[in-house]
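Accompanying notes for the structure given below.
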Amino acid sequence: MSSPYQTFLSAPNLSTLIYPTLFSVAMIIMMSYLTGPAPCSYPEDEIPPSTSSGTPARKKTLSIVSHDRHAALSPAPDLLYDLRGVPSPPLEDRERYTGHSSVIRDVLLQEPQYCALLEAAEKEIRGAMRTIARREAEGKDVGEDEGKDVGKDEREGEGDGEGEGDITLRVGCLCGSGHHRSVAFSEQLAMVEWPRDWQLELTHRDLTPEVQRRKAWERRKG
């Protein structure tokens, strides 16, 4: 009868089983540290913002301005939508309300041409935002688009309160008087849920007190 000691000696050497396994585990752990995680891939429409170390994120602003047909915007908008081809709301509504009112907006939302232009505008604005995000991620200048300045801020460093490298995507909306169709259109665009890294600025140029006083003076003079 064999003793327990003899049984142990006759058993397979455990070290020949354990050591290779431990070595394999150690190699796997070491390789994971050396190679790091696999790089993330992003869908084409979800380009991430630039995350270069030491580079602060640039402020991005979507500026929507409504105005009349008489005076162009300065700086010129990157995207311009002309509402003069859309039928005007009834005269009695125009005399009582501006495009701020839901009365005017509801009337215009019954016009297929108005709704189609709204849909096209949202699509084009989102496309311009994706172009800007892609160029940021690639480290390119935002204005490098075959000669077209998409969202490039022409007023950088001119003391207007905007930081160095800030980006403004300017959208102009015009109609006859700058009081109804363009205002309603701008208000509808402002209600869209835009990307969270974009700030919204909405201006109705021809509804500001200064412009209204000037127009009243011009009417009296004429």
Side-chain angles (χ1 to χ4, degrees), residues 40 42-68 71-83 98-102 104-105 108-109 117-145 148-175 178-179 181-211:
C40 297
Y42 295 88
E44 183 179 354
D45 290 348
E46 298 179 11
I47 303 299
S50 176
T51 55
S52 301
S53 58
T55 304
R58 294 198 284 181
K59 176 184 174 184
K60 294 193 283 288
T61 302
L62 173 61
S63 175
I64 304 175
V65 182
S66 68
H67 61 103
D68 68 6
L73 294 178
S74 180
D78 301 294
L79 298 169
L80 180 62
Y81 300 99
D82 190 340
L83 280 296
T98 68
H100 279 300
S101 172
S102 60
I104 298 294
R105 294 203 303 271
L108 289 171
L109 286 172
L117 192 57
L118 268 176
E119 183 178 348
E122 180 178 350
K123 182 178 180 180
E124 289 176 352
I125 293 169
R126 290 192 186 278
M129 288 177 169
R130 286 195 295 270
T131 298
I132 290 169
R134 184 176 296 108
R135 292 191 174 280
E136 276 195 294
E138 295 171 351
K140 295 181 179 179
D141 183 80
V142 172
E144 295 175 5
D145 189 16
K148 181 180 179 182
D149 289 341
V150 179
K152 187 175 182 180
D153 198 332
E154 300 172 359
R155 300 178 295 166
E156 291 178 1
E158 295 186 8
D160 59 358
E162 297 185 8
E164 182 69 25
D166 289 348
I167 299 169
T168 301
L169 177 59
R170 295 183 174 85
V171 177
C173 311
L174 76 95
C175 66
H179 292 177
R181 290 167 292 181
S182 62
V183 173
F185 193 84
S186 301
E187 291 284 341
Q188 291 293 149
L189 288 179
M191 295 178 190
V192 173
E193 188 174 347
W194 301 109
R196 286 178 293 179
D197 58 336
W198 283 83
Q199 299 183 27
L200 176 69
E201 287 183 359
L202 177 62
T203 305
H204 301 303
R205 188 193 68 182
D206 292 271
L207 291 183
T208 59
E210 296 81 5
V211 174

Check [X] against [Y] and note the closest heavy-atom contact, atom names and distance.
X	Y	result
G178	D206	O-CB, 3.8 Å
L117	L83	CD2-CD1, 3.8 Å
G99	I104	CA-CG2, 4.1 Å
S186	V65	OG-C, 4.2 Å
F185	C173	CD2-SG, 3.6 Å
M129	L62	CE-CD2, 3.8 Å

Measuring only between side-chain heavy atoms, which start at C-beta, is [X] closer than 4.5 Å to [Y]?
X	Y	value
H67	L80	yes
I167	K59	no
L207	H100	yes
R170	L73	no
W198	L169	yes
I125	W194	yes
D68	R205	yes

Once rounded to the nearest 0.5 Å, what's the spacing between atom [atom1] of [X] and atom [atom2] of [Y]?
X	Y	atom1	atom2	answer
R58	D197	CZ	CG	12.0 Å
L189	Y81	CG	OH	7.5 Å
S63	Q199	OG	CD	11.5 Å

Legend entry - Sequence-distant partners of E122, side chain to side chain donor-acceptor pair (under 3.5 Å), two or more places apart: R126
Inset, instruction - Tell me, please, which residues at least two apart from S182 pass side chain to side chain donor-acceptor pair (under 3.5 Å). - result: none
Inset, instruction - Show your working on side-chain contact (heavy atoms from CB on, under 4.5 Å) between R135 and R130 and close with a plain yes or no. - result: CA-CA 9 Å; R135 292 191 174 280; R130 286 195 295 270; over 6 Å; no
Legend entry - Side-chain ion pair, D166 and K60, N-O less than 4.0 Å: no
Inset, instruction - Indicate whether any N or O donor in one side chain lies under 3.5 Å from an N or O acceptor in the other, for S66 and H204. - result: yes
Inset, instruction - Evaluate the side-chain contact (heavy atoms from CB on, under 4.5 Å) criterion for residues L200 and T61: first the C-alpha distance (whole Å), next the side-chain angles of each, then the deciding distance (0.1 Å), finally the verdict. - result: CA-CA 6 Å; L200 176 69; T61 302; over 6 Å; no
Legend entry - Residues, nucleotides or ligands: over 12 heavy atoms within 6.0 Å of E138 CD: yes
Inset, instruction - May I have the step-by-step check of side-chain contact (heavy atoms from CB on, under 4.5 Å) for I64 and E201, ending in yes or no? - result: CA-CA 6 Å; I64 304 175; E201 287 183 359; over 6 Å; no
